[in-house]
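Report on one structure; see the data block that follows.
Both ligands and their constituent atoms are indexed starting at 1 by order of listing. Keep in mind the model is a prediction, meaning the values are calculated, not measured.
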Amino acid sequence: MEWSRFHRHKWDQATTFAWKNFSSAPVRRMFSFVTVLGRAALPEDKLKELTELTQEMKSSYSAAKICRYDPTRRRLDNGDYDYNADNDLDNDIGCIPTLSLEPHLVQLMATSRDPEELRYVWRAWRDAAGRPLRGKYTRFVELSNEAARLNGFEDAGDFWRSDYETDDFEDIIDGLWAELRPLYEQLHAYVRRKLIEKYGDTIVPPRGPIPAHLLGNMWAQTWTHILDLTVPYPGRPSVDVTNTLRRQGYSPFDMFRLSESFFISLGLEPMPSTFWQKSLLIKPTDRDVICHASAWDFCNGIDYRIKQCTQITMEDMITAHHEMGHIQYDLQYRNQPFIFRDGANPAFHEAVGDVLALSAATPSHLQEINLLANVDESFENDINFLFSMALDKIAFLPFGYLVDKWRWEVFSGEISESQYNSRWWDLRVNYQGVSAPLLRDEDDFDPGAKFHIPANVPYVRYFVSFIVQFQFHAELCKAAGHSGPLHRCNIYRSAEAGRLLRNVLSLGKSRPWPEALSVLTSGRTNQLEAGPILEYFEPLMSWLESQNKDEFIGWQENEAIVLGVVSSNASVRPFSAVIAALKSPSRRASLLSSTFGLRVTDFETSPVLWLRSDSSKAVQKDGMCLREPWNVLRNPTDFRAQKPHTEFT
Ligand code: KAW
Ligand code: ZN
């Protein structure tokens, strides 16, 4: 509130000038930033409401906890977890939710290979973190739009996109995704096959989207934690150094020191002493904190901090580099005028630490710092390394894109409140090729179960970052005199690479980002380009294509495998028709024996259906015709409006 008042005061002063006619371009640029008020444009009462709303959503998300999975209880006859009973039972036995996202659920999603347990955790997290936010989010959207419109933008999405200072931003990223999608589809098809080998084709559909709970991550956004299930050439030294870090007794501070040493090796800034005194690098045990990693610039030239509930894992070591990249950028532009102390665009800020991590994670560097035994530069080792990088960098892309695609459409009104969740899943299926492992409906609010939605942090920055960081990598490698394939480049100790990086970062936001790209590339380009990331992964792309020769590439939505939970008052067709059939023992038997994907146990006691739908294959059996496109089942609120698709004759 204090900041908003100050900002409004500065705005009052700035708008008295006819600044658009000023001759100095940097001064015009300064004015163009100061004269956008953001949410401070709202009247006092609404500003307060919006601020409190955001705070509440963030706290609610951060305090969310779930109960432990108990495989000995609450199971149905067929072994499935009994979702309908769990709330009642929770009350009966007084379960106290104790598991928080970081570290418990992150670790569970990463390491559990029990699909029942994974599905329980996946759902319980969304019940605890997403659902309660739905109402608040609706109001939040209204107020955010109101603020954006007071600033002359069409809506809050339009306002966010203005950070990128270009009119065709959506077309640009759409084009980048189109270039990268073939690589994603190859990775997707290969991973799907490996998951079928592990879990079977009754859980993972050979031509369908991958169930979202099996990819090692709560949001299926990066897939590095299923490397063990998918590694191209098993039996070689793992490029995941988690165990080595633990064996060598690394502490969170050691991991940040390690990251710092990489920055210093390039001739960049060490962390100031206050950083080491005031950062919070270990999760406190005496209170709830927002564990999602963040980096803070207190704008006084001395105080810079990171907050991260650091675990000793390779993933968190990479995150340490990522967060320290934010601080390094802050340090590099600290001598700019206040208004220019920011990234050239939000994606640049996200990219800095990742650029270093691209070198730091190479097998040759890990050897150099004693985290990996000798690895020869064989084809197989290269593919293993590239594959593990792809589980991070390529798997992430569609998620990085769709989160804000969803928000832009919510802000513009294209997605109404009654479609929040179904449209989220449309995007998840279409872009990522992942499906909800069980039915979702419009009481759920699955976007809210991802930090950046309640915390109101724009997300497309990560998509752009994941592309532009490879442009950085390629240029810094050139500066460092690297020759050979891009994925083997390690810029450690290169003063030349450090100098080039410093030149770009120290500009802050004083010039439009295309100029910063121009500095980076010595004038070769001022645009976002997919070329370098494609070049980096080229050997993997060829390998995946050869592995996937006989594979179905892509996914058909109606092949998804979904666990449907049918409530007993399902009076609506098509479920009512299914239920009627299930209540008749003879019909039930025929359904049970069917191979086309409807599996049920005793319906009277366990109203749970396994549905594998396929509208292209209408099933005729014992006089029954069952036709059930998955998109009808996925969203019960949807199908109420539609003509029933299921016929029992
Ligand atoms: C990701 C990014 C890099 C490497 C691996 C990754 N895996 C997934 C991601 C994307 C994303 C995620 O977790 O979904 N990563 C983050 O959210 C890292 C956190 C952050 O460093 O980006 C942080 C988010 C944040 C913003 C505002 C308040 C609280 C948290 N951003 C910053 O701290 C930050 C600091 C300075 C300038 C801009 C942003
Ligand atoms: Zn970040």
Other residues, nucleotides, ligands: >12 heavy atoms within 6.0 Å of Trp296 CH2: no
Only heavy atoms of [X], strictly under 4.0 Å: list the atoms of ligand 1 that pass.
X: Tyr459; answer: 10 (C), 11 (C), 12 (C), 14 (O)
X: His292; answer: 13 (O), 16 (C), 17 (O), 18 (C), 19 (C)
X: Lys450; answer: 12 (C), 13 (O), 14 (O)
X: Ser294; answer: 29 (C), 30 (C), 33 (O)
X: Val457; answer: 26 (C), 27 (C)

Glu323 N/O/S atom closer than 2.8 Å to the Zn ion (ligand 2): no
Metal check, the Zn ion (ligand 2) vs His322 N/O/S, cut-off below 2.8 Å: yes
If you measure from the Lys or Arg side-chain nitrogens to the Asp or Glu carboxylate oxygens, is any gap between [X] and [Y] under 4.0 Å?
X: Asp446; Y: Arg428; answer: no
X: Lys393; Y: Asp354; answer: yes
X: Glu102; Y: Lys283; answer: no
X: Lys405; Y: Asp426; answer: no
X: Glu56; Y: Arg139; answer: no
X: Asp303; Y: Lys278; answer: yes

Within-cut-off N or O pair, His452 and ligand 1, under 3.5 Å: yes
From the candidates Phe348, Tyr462, Phe466, the one that places a heavy atom nearest atom 10 (C) of ligand 1: Tyr462
Proximity winner for atom 20 (C) of ligand 1, if only heavy atoms of Gln221, Glu323, Gln308 are counted: Glu323
Gln471 (side chain) donor-acceptor with Glu529 (main chain) under 3.5 angstrom: yes
Distance under 6.0 Å and angle within 45° of ring axis: Arg407 vs Trp160: no
Residue part near ligand 1, for [X], under 4.0 Å between non-hydrogen atoms:
X: Asp354; answer: side chain
X: Ala293; answer: backbone
X: Trp219; answer: neither

For atom 31 (N) of ligand 1, the protein heavy atom that lies nearest, with its residue and separation: His326 NE2, 3.8 Å
